[in-house]
Amino acid sequence: MISSRGPQRRAVVIGAGLSGLAAAAALRGAGCAVTVLEATGAPGGLVRTETVDGHRFDTGATVLTMPGLIEEALAPLGVPAARVRAALALRRVDPGYVMNYADGTSLRVPRDTGRLAAAADAAFGAGAGAGVPALLDWLRRVDQTEYGVFFDRNYDSLPGLLDARTRRAAADLVRLRTLGGLTAAIARFVDDERLQRTFTFQALYAGVPPARARAIYAIIPDMDIGHGLSAPAGGMGRIGEVLAGELTAAGTEIEYRTRAVRIETSGRAVVGVHTDDGRRLPADVVVATGERDQVAGLLGRPTRRRLRYSPSAVVVHGLLPAGAADTWRSGHHTVDFGAAWTRTFAEITGRRGTPMTDGSFLITRPAVSDPDTFVRDGLESISVLAPTPNLVTAPLDWETLAPAYTAEVLGVLAGRGYPGIDGLHVRRVDHPGSWLRAGLPGGTPFSAAHTVRQTGPLRTRNRWPGVGNLFLAGSATVPGVGIPPVLVSGKLAAQRALALLGLPEPR
């Protein structure tokens with residue numbers, strides 16, 4: 001229920017991605033007059049479904065886990081969780097992943113983790129999955145220990161993390177042996193290197209090579225495999241549509257195709273936001289969801305600290321005749337691993353990056369879960385993601401390279417057991433150059449990497465230094481990259497704004 005106590009305060013949210021929509025819901029639920037400015041024509045940011053030549057493609061994030069956070073984001077508006085679930089019409093993705101390995105083996109990761117040990121035995125030999133139940137339990141304990149203390153929480157300084165609750169959680173993480181490497185931690189439970197990849201490849205979501213990732217990132221495979229994957233009817237873009245629809249119904253103004261061009265300050269406070277159509281929107285608080293340097297540009301204040309960015313990707317969207325992919329060992333999400341696993345990540349994450357010489361790829365077939373949306377006129381929409389270095393570590397001319405590289409990737413996959421994929425009718429290719437044109441620093445949609453100096457309390461803060469009423473949300477700030485973190489980031493930014501305004505959080 002929307003609060004109406006006291007004079008109404010004005011909030012401007014820059015960006016209608018998931019973090020901006022979550023922040024707007026919390027602010028509106030507390031009684032603020034909220035305006036959301038979105039430069040494009042649709043909500044969702046990098047979680048979107050687009051029509052290309054009459055066919056639907058998920059052109060941003062494709063993996064949805066922890067959908068309860070979407071319900072939580074709309075709770076401040078009094079929206080019942082059941083209504084959110086009905087609007088999303090979520091389908092359970094089962095198997096969550098199909099993992100195909102260079103030696104010809106294949107693992108179908110079941111939605112029911114109680115069946116995962118048996119699936120591992122069937123894929124890799126008797127006894128391969130013996131440690132899986134204990135591993136899943138360990139992953140869940142790491143998740144539960146980190147979530148409410150380090151992940152879903154605002155903090156102002158390192159000393160601020162020294163309260164009793166944090167000390168207990170830190171001690172628990174030490175006992176769980178999370179300060180060492182992620183791969184080594186997973187290896188305590190399962191010996192088979194292929195099975196280890198199932199629980200470590202997710203580190204790339206955080207921009208960190210699995211071999212160098214810390215075990216604290218075990219929270220990611222628990223979200224990914226432990227909680228299971230879902231798919232909204234109509235594509236991933238449905239998430240933003242549902243959030244925006246409820247916000248509009250609650251009286252929030254969402255202005256599409258309207259770009260913020262300047263954040264106006266007076267002294268140490270924001271007083272307004274200027275738009276590209278010449279208007280000035282007065283504001284008591286502002287939540288900005290762009291990358292850090294984009295926000296600095298709106299303020300006219302250059303930043304000094306250089307960020308290290310995650311690897312990027314080439315993403316190929318195309319069409320095949322319906323049924324042509326049914327012979328593949330594939331599902332909604334298919335990970336095809338090359339043999340050179342460690343070398344691959346050294347190539348794409350090194351300080352001098354190079355394209356993969358023996359690539360691993362993500363093939364997405366959303367028609368497996370939602371054929372009504374992703375099969376049109378007898379053609380199935382299929383996307384292939386190939387990780388690449390970003391433009392900082394490898395300033396390659398992708399405008400020139402993309403066509404040949406696309407043909408190479410599809411040819412490699414055809415040889416690995418996906419017959420016909422090299423005949424994909426390509427409709428669009430996104431690459432580091434196009435990400436850069438979209439305003440994403442480093443030419444990557446995956447934001448700043450979660451290196452030691454850019455994670456937890458060392459990540460870009462969500463309160464802008466020196467400007468008391470400007471807050472950040474999105475993947476560039478805490479807690480980080482991915483759909484669950486950006487939804488949480490919107491809530492955290494709104495909590496700070498409401499505390500400044502002296503307004504209670506809606507319940």
Side-chain angles (χ1 to χ4, degrees), residues 9-25 27-28 32-51 59-60 237 240-241 243-245 247-248 251-303 391 428 430 432-445 447 460 462 464 466-467 469-477 486 489-490 493-494 497:
R9 311 304 292 271
R10 297 164 299 188
V12 175
V13 177
I14 301 174
L18 301 193
S19 64
L21 297 173
L27 291 165
R28 181 65 188 138
C32 293
V34 181
T35 300
V36 181
L37 303 177
E38 171 53 42
T40 72
L46 290 175
V47 183
R48 57 184 181 240
T49 305
E50 297 181 79
T51 300
T59 55
E241 292 170 1
L243 288 166
L247 277 163
T248 300
T252 304
E253 294 185 23
I254 304 179
E255 299 189 14
Y256 296 105
R257 305 193 186 283
T258 304
R259 187 181 300 274
V261 295
R262 183 163 73 92
I263 297 174
E264 180 186 349
T265 59
S266 177
R268 298 173 62 87
V270 170
V271 293
V273 176
H274 294 255
T275 65
D276 59 355
D277 57 3
R279 288 177 297 140
R280 176 187 180 274
L281 304 180
D284 297 302
V285 293
V286 171
V287 176
T289 67
E291 293 288 331
R292 183 203 65 175
D293 292 351
Q294 292 173 331
V295 179
L298 293 175
L299 284 166
R301 302 182 183 187
T303 56
L391 291 175
R428 179 167 132 184
D430 293 321
S434 56
W435 302 122
L436 184 66
R437 286 199 309 273
L440 298 173
T444 174
S447 195
T460 297
N462 61 359
W464 194 268
V467 184
N469 59 342
L470 173 60
F471 307 94
L472 300 185
S475 57
T477 185
V486 299
S489 79

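Side-chain atoms are counted along with the backbone in the values below, which use heavy atoms only and exclude waters and symmetry mates. This is a predicted model, so every value here is computed, not measured.
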| message | Tell me every residue that passes salt bridge (Lys or Arg N to Asp or Glu O under 4.0 Å) with D284, counting only those two or more places apart in sequence or in another chain. | response | R9, R10
Check: residues 12-20 side-chain donor-acceptor pairs under 3.5 Å, at least two apart:
{"residue": "S19", "atom": "OG", "partner": "G474", "partner atom": "N", "Å": "3.4"}

Has the side chain of [X] got a donor or acceptor atom that lies under 3.5 Å from a matching backbone atom of [Y]?
X	Y	value
S489	A473	no
N469	A269	no
T265	G267	no
T275	A260	no
D276	R259	yes

| Carboxylate-amine/guanidinium contact E255 R279, below 4.0 Å |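 Salt bridge: yes.
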| message | Any salt bridge linking R428 with E50? Criterion: basic side-chain nitrogen under 4.0 Å from a carboxylate oxygen. | response |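 Salt bridge: yes.
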| message | Nearest 0.5 Å, please: how far is CG in L391 from OG1 in T444? | response | 9.0 Å
| Within residues 286-295 or reaching into it, pairs that qualify as salt bridge (charged side-chain N to carboxylate O under 4.0 Å, His left out) - sequence neighbours excluded | none
| Taking all atoms of both residues into account, what is the closest heavy-atom pair of A296 and W464, and its distance? |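 Smallest interatomic distance, heavy atoms only, reads N-CH2, 3.7 Å.
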